[in-house]
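Values below: all heavy atoms of this structure, side chains included; hydrogens, waters and symmetry mates excluded. Order of the sequence lines sets the chain letters (A, B, ...), proteins ahead of strands, with each chain counted from 1.
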Protein chains: 2
Amino acid sequence: MTKKEALLKAAEDKVRLGGYNNFSFREIANEVGIKSASVHYHFPTKADLGAELAHQYTNAFLSALGDVDDIKANNQNPIDVYTQLFRNALLTDNKMCLCGLLGAQNESLPDKVRLEVKRFFDLNLAWLEQAHVANGESEPSHAAILTVSLLEGAMMISKALNDHSYFKLATK
Amino acid sequence: MTKKEALLKAAEDKVRLGGYNNFSFREIANEVGIKSASVHYHFPTKADLGAELAHQYTNAFLSALGDVDDIKANNQNPIDVYTQLFRNALLTDNKMCLCGLLGAQNESLPDKVRLEVKRFFDLNLAWLEQAHVANGESEPSHAAILTVSLLEGAMMISKALNDHSYFKLATK
DNA sequence: TTCAATGTATCTATCAGTAGATAGTTATAT
DNA sequence: ATATAACTATCTACTGATAGATACATTGAA
């Protein structure tokens, strides 16, 4: 893992626990073993780091989701696959969805970060809509909103109560 | 409105837009017209302010909800009343639910704030469970979790996309 | 093949601004 | 007189950011 990748990972952990202001250049630099000034070499500003973080998070998420048609061809329900990915994000990492937390604090974010958060949800809704179409739902775009809302909300409440059984109950 | 009330209001606006770190004693003092040091007279520490803020927010929320039995006696659906209160919080104030945002960044909060956020959701789930019982639902506690998850999630996504029509769609 | 030029990744040192917090003082109102 | 609610002044710690230096690797031309 390059230093740049390590910086993004360190920042991701902190943001997913406490939001955009929950990490500083000094903190992540210390964790990685360089000086805070050197972080600016990789990311000119904090907003640049935040935007790249959200962008890569989105890409990794969609890549993990895979293709709706492939899932169907495999006799799986894409909505179950989607739910499972959220479940892993919470249960394995014990952390919020990066873009969920950032989205909630949208108005305090730098523009370029806000844009990447929007991209996350636009792409998620598009994927879910396609999934609901493939499932033969009558109102796929409506169903897509319900799906992602329920998952993000259940995640938030599980974190707030520090009890993952709420997420499990909401998604069973 | 006393200075103390004004300080809480100023802090609430900022927290609901960007989370716990999105306000400083200096900022809210300026808005209210006193010095930042004087804020410590009303709230010894920032954590005290945050905890009192969440506590009063919870009380106001529950008070606005009213009594489940009264709502039923009035031939209204308590779940509709609950949904409407969330809708107003988003559409009228154009802001997130205070405890939703704080809950998402739970792990980075001072203990006493975390406790108040937990209280918000515990009381909300209890109210919703009672409401679903009154509606004759077979699994009231399960339904309560689904209800609050969907609303918090829809709120979060509407903020992330800066488009309230997502919330409307999710709650129609 | 050598050597100058360039690029990469880091460093030290420093800056102005802001954070929450404290001590001690003052004005006002009961 | 006492309690309330503000003040001034100051502290330490931390914020993101910048300038300028260093070491090292890569590259391209004479």
**Message:** Reading DNA chain C in the 5' to 3' direction, which nucleotide is the first one with an atom under 4.0 Å from a heavy atom of chain B, and which is the last?
**Reply:**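 Going 5' to 3' along DNA chain C, contacts run C/dA19 to C/dT22.
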**For A/Glu107, salt bridge (charged side-chain N to carboxylate O under 4.0 Å, His left out) partners two or more places apart** =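 Partners of A/Glu107 by the salt bridge (charged side-chain N to carboxylate O under 4.0 Å, His left out) criterion, ordered by chain and then number, come out as B/Lys159.
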**Set of residues satisfying salt bridge (charged side-chain N to carboxylate O under 4.0 Å, His left out) with respect to A/Glu116, sequence neighbours excluded** =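 Residues passing salt bridge (charged side-chain N to carboxylate O under 4.0 Å, His left out) with A/Glu116: A/Arg119.
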**Message:** Applying side-chain hydrogen bond (donor to acceptor under 3.5 Å, both in side chains) as the test, list every pair that has at least one member in residues 139-150 of chain B; sequence neighbours left out.
**Reply:**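 For residues 139-150 of chain B: B/His132-B/Thr147.
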**Item:** Counterpart residues, side chain to side chain donor-acceptor pair (under 3.5 Å), relative to B/Lys46 (two or more places apart)
**Value:**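 Counting only residues at least two positions away or on another chain, B/Lys46 forms no side chain to side chain donor-acceptor pair (under 3.5 Å).
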**Message:** Applying side chain to side chain donor-acceptor pair (under 3.5 Å), can you list everything that pairs with A/Lys118, at least two apart in sequence or on another chain?
**Reply:**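 A/Lys118: side chain to side chain donor-acceptor pair (under 3.5 Å) contacts with A/Asp122.
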**Message:** Does A/Phe23 reach a base, just sugar-phosphate, or nothing at all? Heavy atoms under 4.0 Å.
**Reply:**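 Counting heavy atoms under 4.0 Å across all strands, the contact made by A/Phe23 is with sugar-phosphate only.
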**Asked** If you look only at pairs with a residue in residues 22-40 of chain B, which of them pass as a salt bridge (charged side-chain N to carboxylate O under 4.0 Å, His left out), with sequence neighbours excluded?
**Response**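 Found B/Lys14-B/Glu31.
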**Message:** Considering only residues two or more places apart or on different chains, which pairs with a residue in residues 54-80 of chain A satisfy salt bridge (charged side-chain N to carboxylate O under 4.0 Å, His left out)?
**Reply:**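 Counting only pairs at least two positions apart or across chains, no salt bridge (charged side-chain N to carboxylate O under 4.0 Å, His left out) contact touches residues 54-80 of chain A.
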**Test item: A/Lys3 side-chain N/O and A/Val32 main-chain N/O as donor-acceptor pair under 3.5 Å** =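 Answer holds: yes.
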**Prompt:** Does anything in residues 107-115 of chain B reach DNA chain C, meaning a heavy atom under 4.0 Å, and if so which residues?
**Reply:**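 Within this stretch, nothing sits under 4.0 Å of the strand.
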Return a table of donor-acceptor pairs under 3.5 angstrom between the side chains of residues 165-172 of chain B and protein atoms on other chains or two or more places apart.
residue  : atom : partner  : partner atom : Å
B/Ser165 : OG   : B/Asp163 : OD1          : 2.6
B/Ser165 : OG   : B/Asp163 : OD2          : 3.4
B/Thr171 : OG1  : B/Arg87  : NH2          : 3.0
B/Thr171 : OG1  : B/Phe167 : O            : 2.9
B/Thr171 : OG1  : B/Lys168 : O            : 3.4

**Asked** What is the per-nucleotide protein-contact pattern of nucleotides 5-13 of chain D, from the 5' end, where B denotes a base atom under 4.0 Å from a protein heavy atom, S denotes such proximity for sugar-phosphate atoms only, and - denotes neither?
**Response** BSBBB----
Enumerate all atom pairs, one protein N or O and one N or O from nucleotides 20-23 of chain D, separated by less than 3.5 Å.
none

